[in-house]
Novice: 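This is the structure I want to talk about, given as structure tokens.
In what follows, chains are A, B, ... by sequence order, proteins preceding strands, each numbered from 1. All values below come from the heavy atoms of this structure, side chains included, with hydrogens, waters and symmetry mates left out.
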Protein chains: 2
Amino acid sequence: MIRPSPRDRLAQAAFALFRERGYDQTTVDDITERAGVGRTTFFRYYRSKEDVIFPDHDRLLAQISERLLSERVRIARGAPADAQGTALAAVCDAVRLVLLHYLDEGDLARRRYKLTSSVPALRDREIATVARYQRMFREFIAGPMSELRAELMAASVVAAHNHVLRRWLRGESPDPMLELDAAMRHVSGLFAPPLAHGGAGTTIVAFRADAGIDAIVPVLQRITQDAAPAPSPAVSSQAARADGSQS
Amino acid sequence: MIRPSPRDRLAQAAFALFRERGYDQTTVDDITERAGVGRTTFFRYYRSKEDVIFPDHDRLLAQISERLLSERVRIARGAPADAQGTALAAVCDAVRLVLLHYLDEGDLARRRYKLTSSVPALRDREIATVARYQRMFREFIAGPMSELRAELMAASVVAAHNHVLRRWLRGESPDPMLELDAAMRHVSGLFAPPLAHGGAGTTIVAFRADAGIDAIVPVLQRITQDAAPAPSPAVSSQAARADGSQS
DNA sequence: GTTTGGATGGTACTCAGTACCATTACGTTG
DNA sequence: CAACGTAATGGTACTGAGTACCATCCAAAC
């Protein structure tokens with residue numbers, strides 16, 4: 001068995017010591033001693049004592065930024081049919097990468113969660129990191145939309161992600177990706193206009209009323225005849241929930 | 001003119017020095033020297049160098065927590081007619097206090113904003129503070145609602161508040177309270193069911209399909225006939241997506 | 001005046017993080 | 001094999017935040 005890299009030895013020693021004595025009770029010297037490296041080496045691999053437990057979000061952030069950027073030109077090039085939904089969908093998609101990143105870490109992410117849950121400094125650090133993603137999302141969405149709405153969308157996507165992530169970290173979610181998709185649908189539902197506006201296709205409204213179906217159909221027909229009959233395939237469906245149950 | 005309290009002198013000296021030399025280039029000793037007090041006194045009034053520019057959020061947090069708590073018993077006591085909207089409305093109301101607090105600070109808040117915008121450590125601190133409010137809101141809402149939805153509501157309210165606050169800090173908002181109210185209406189709109197729910201009322205599902213209206217109507221009829229014409233108040237709508245796009 | 005308690009100041013310490021330089025390890029080239 | 005050059009490592013010394021402790025001062029109460 002070959003000796004792991006200093007970087008890994010440091011991280012391993014740090015996690016072990018934080019668990020044994022707690023974060024505040026562990027000095028960088030303690031970590032380097034156990035890892036068998038010099039103190040200088042620690043700060044060569046990690047900018048700070050906090051950094052030793054966090055993954056390199058910089059890389060992931062850059063990766064996602066790139067993805068969104070290419071998505072943006074795709075949006076700009078194509079027809080801006082539904083800028084709202086498209087931008088949101090892109091972000092919903094991007095956030096999957098973030099969750100996947102955590103899932104890949106497996107138990108490491110859970111050990112980190114234990115720490116961030118109990119050490120204020122680490123919690124704040126985690127929160128600041130999440131805010132970076134949220135900011136990136138906001139700036140991406142802000143193009144085709146009101147600033148406020150972009151802010152709300154970014155915040156909602158991130159909040160939904162955090163919700164699912166936390167559930168998984170606590171062992172409450174057997175299939176977090178599935179839950180994330182459901183949560184993203186929930187978010188999309190918030191921002192989808194009750195009815196699709198413009199465009200072609202047949203708009204169908206189904207509802208339950210005290211009146212019988214026979215009394216309603218004529219009304220439907222009159223409405224749908226105002227619009228074009230049933231043309232192009234490009235359709236963006238909008239499901240509006242009319243009862244109060246949260247999905 | 002009487003000498004201001006050491007606390008105020010320290011804050012004033014700190015703001016001045018941060019402006020002159022920058023945050024990182026200013027030491028606590030610099031601050032205490034200009035304020036004419038001992039170094040010990042600084043840490044007696046402020047827990048850290050960062051704290052000297054931030055208001056006492058602890059007090060405001062406690063104040064708002066209390067307010068929400070009394071609101072919660074009011075909700076629990078009265079009829080939980082619309083637990084969704086009531087909890088959200090309470091939080092929307094509570095967040096006005098936060099904005100008012102910033103507005104009261106006037107120029108001080110703007111000077112702080114200059115700092116938090118440029119110094120990463122201070123920005124992170126501000127973000128962590130905001131997260132405390134968001135957490136409180138989430139826990140308050142979580143009672144009568146799904147965890148996810150509570151998370152989304154809290155995040156949205158906070159995001160909307162931040163949006164308005166930032167605009168005011170940048171001098172872009174002549175009447176921030178008015179804007180906040182508008183933003184809160186926007187948020188409420190996100191979470192308000194499109195139609196009044198429950199009762200003998202009407203359940204509506206709207207969607208757009210490639211199929212023509214004539215192909216859909218029979219299906220509708222079959223569905224509506226399965227259920228009683230105008231039955232019990234408890235209705236769970238079925239939103240059928242008729243095309244392949246995400247809702 | 002004396003006492004007492006709270007506010008203040010000073011000193012010494014720990015520890016994170018930085019800067020700089022010496023040293024070692026290792027692959028390359030002669 | 002030896003000399004060289006480069007990257008990784010280690011050591012030392014420093015700055016500055018934050019803590020602990022104790023001495024001092026000041027003002028009000030007695």
Side-chain angles (χ1 to χ4, degrees), chain A residues 2-54 56-58 112 115-116 118-126 128-129, chain B residues 2-54 56-58 112 115-116 118-126 128-129:
Chain A
I2 57 168
R3 214 173 181 218
S5 76
R7 184 183 179 88
D8 291 341
R9 289 213 310 282
L10 282 166
Q12 205 169 336
F15 269 103
L17 283 166
F18 293 163
R19 218 168 95 74
E20 294 169 16
R21 314 182 193 173
Y23 179 79
D24 289 322
Q25 281 64 46
T26 303
T27 71
V28 173
D29 284 327
D30 294 336
I31 300 171
T32 58
E33 188 187 356
R34 177 168 298 197
V37 301
R39 181 179 145 84
T40 311
T41 304
F42 180 93
F43 287 106
R44 191 167 287 125
Y45 284 103
Y46 301 101
R47 264 195 287 252
S48 72
K49 182 179 160 190
E50 295 175 0
D51 276 352
V52 77
I53 70 157
F54 289 102
D56 51 349
H57 282 289
D58 288 331
R112 185 189 309 123
L115 287 170
T116 54
S118 56
V119 182
L122 299 179
R123 188 206 320 255
D124 289 357
R125 171 62 178 272
E126 177 80 31
T129 302
Chain B
I2 59 169
R3 217 176 178 211
S5 76
R7 185 184 179 88
D8 291 341
R9 288 213 312 281
L10 283 166
Q12 204 170 335
F15 268 103
L17 284 166
F18 292 163
R19 214 167 94 74
E20 293 170 17
R21 315 182 191 175
Y23 179 80
D24 288 323
Q25 281 64 45
T26 303
T27 72
V28 173
D29 283 327
D30 294 335
I31 301 171
T32 58
E33 188 188 354
R34 178 167 298 196
V37 300
R39 182 180 143 84
T40 310
T41 303
F42 180 93
F43 288 105
R44 193 167 287 126
Y45 284 104
Y46 301 101
R47 264 195 284 244
S48 72
K49 182 180 159 189
E50 295 175 0
D51 275 353
V52 77
I53 71 158
F54 289 103
D56 52 348
H57 282 288
D58 288 331
R112 185 191 308 125
L115 287 170
T116 54
S118 55
V119 182
L122 298 179
R123 188 207 318 259
D124 289 357
R125 171 63 180 272
E126 177 79 31
T129 302

Novice: Calculate the interatomic distance between Phe18(A) atom CZ and dA16(C) atom C1'; express it in whole Å.
Specialist: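 So the CZ-C1' distance, Phe18(A) to dA16(C), works out to 12 Å.
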Novice: Compare all side-chain heavy atoms of Asp51(B) with those of Tyr45(B) and state whether any distance is below 4.5 angstrom.
Specialist: no
Novice: Take the protein atom CZ of Phe43(B) and the nucleotide atom C1' of dA12(C), then report the distance between them rounded to whole Å.
Specialist: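 It works out to 15 Å between those atoms.
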Novice: Can you see if the side chain of Thr41(B) gets near the phosphate of dG9(C) - specifically, an N or O under 4.0 Å from OP1 or OP2?
Specialist: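 Looking at the OP1 and OP2 atoms of dG9(C), one of them is under 4.0 Å from a side-chain N or O of Thr41(B).
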Novice: Which nucleotide in the list dA17(D), dG10(D), dT8(C) gets nearest to the side chain of Arg39(B)?
Specialist: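 Nearest nucleotide to the side chain: dA17(D).
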Novice: May I ask you to say what Ser5(B) touches in the nucleic acid, namely base, sugar-phosphate or nothing, with a heavy-atom cut-off under 4.0 Å?
Specialist: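 Counting heavy atoms under 4.0 Å across all strands, no contact is made by Ser5(B).
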Novice: Output the rounded distance in Å from CZ (Arg44(A)) to P (dA19(C)).
Specialist: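 About 13 Å, once rounded to whole Å.
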Novice: Would you say Tyr45(A) reaches dT9(D)'s phosphate, i.e. side-chain N/O to OP1/OP2 under 4.0 Å?
Specialist: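 It does, given that an N or O in the side chain of Tyr45(A) lies less than 4.0 Å from OP1 or OP2 of dT9(D).
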Novice: Please state how far atom CG in Leu10(B) lies from atom C1' in dG18(D), giving the value in whole angstrom units.
Specialist: 15 Å
Novice: To the nearest Å, give me how far apart CD (Gln25(A)) and P (dC15(C)) are.
Specialist: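 Atom CD in Gln25(A) sits about 10 Å away from atom P in dC15(C).
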Novice: Measure the spacing between CD of Glu50(A) and OG1 of Thr116(A) and express it to the nearest 0.5 Å.
Specialist: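 It comes to 11.5 Å.
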Novice: Near Gln12(A) CD, under 6.0 Å, is it more than 12 heavy atoms from other residues, nucleotides or ligands?
Specialist: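 Atom CD in Gln12(A) is not crowded, with 12 or fewer foreign heavy atoms closer than 6.0 Å.
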Novice: Take Phe42(A) and Val37(A) through the side chain to side chain contact (heavy atoms under 4.5 Å, CB included) test and state the conclusion after the steps.
Specialist: CA-CA 8 Å; Phe42(A) 180 93; Val37(A) 301; 5.6 Å; no
Novice: Figure out the CZ/P separation between Arg47(A) and dA19(C), and round it to whole Å.
Specialist: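 Going from CZ in Arg47(A) over to P in dA19(C) covers 13 Å.
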Novice: Taking the side chain of Lys49(B) as its heavy atoms from C-beta onward, which of dA17(D), dT9(D), dA16(C) lies nearest to it?
Specialist: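 Closest nucleotide among those given: dA17(D).
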Novice: Ignoring hydrogens and angles, are the base of dG11(D) and the side chain of Thr40(A) linked by a donor-acceptor pair under 3.5 Å?
Specialist: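 It does, because a donor-acceptor pair links the side chain of Thr40(A) to the base of dG11(D) below 3.5 Å.
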Novice: So what does Thr32(A) hit on the nucleic acid, given a heavy-atom distance under 4.0 Å: a base, only sugar-phosphate, or nothing?
Specialist: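 Thr32(A): no heavy atom of the nucleic acid under 4.0 Å.
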Novice: With nearest nucleotide decided by heavy atoms, which residue, Pro6(B) or Thr27(A), maps closer to the 5′ end of DNA chain C?
Specialist: Pro6(B)
Novice: For Phe18(A), run the side-chain contact (heavy atoms from CB on, under 4.5 Å) check against Leu122(A), Leu115(A), Asp30(A) and tell me which one passes.
Specialist: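 Of the listed residues Leu122(A), Leu115(A), Asp30(A), the side-chain contact (heavy atoms from CB on, under 4.5 Å) partner of Phe18(A) is Leu115(A).
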Novice: Round to a whole Å and report the spacing from CG of Asp24(A) to C1' of dA16(C).
Specialist: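 Interatomic distance, CG of Asp24(A) to C1' of dA16(C): 12 Å.
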Novice: Round to the nearest Å and state the distance from Arg7(B) atom CZ to dT8(C) atom C1'.
Specialist: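 The distance from CZ of Arg7(B) to C1' of dT8(C) comes to 16 Å, rounded to the nearest Å.
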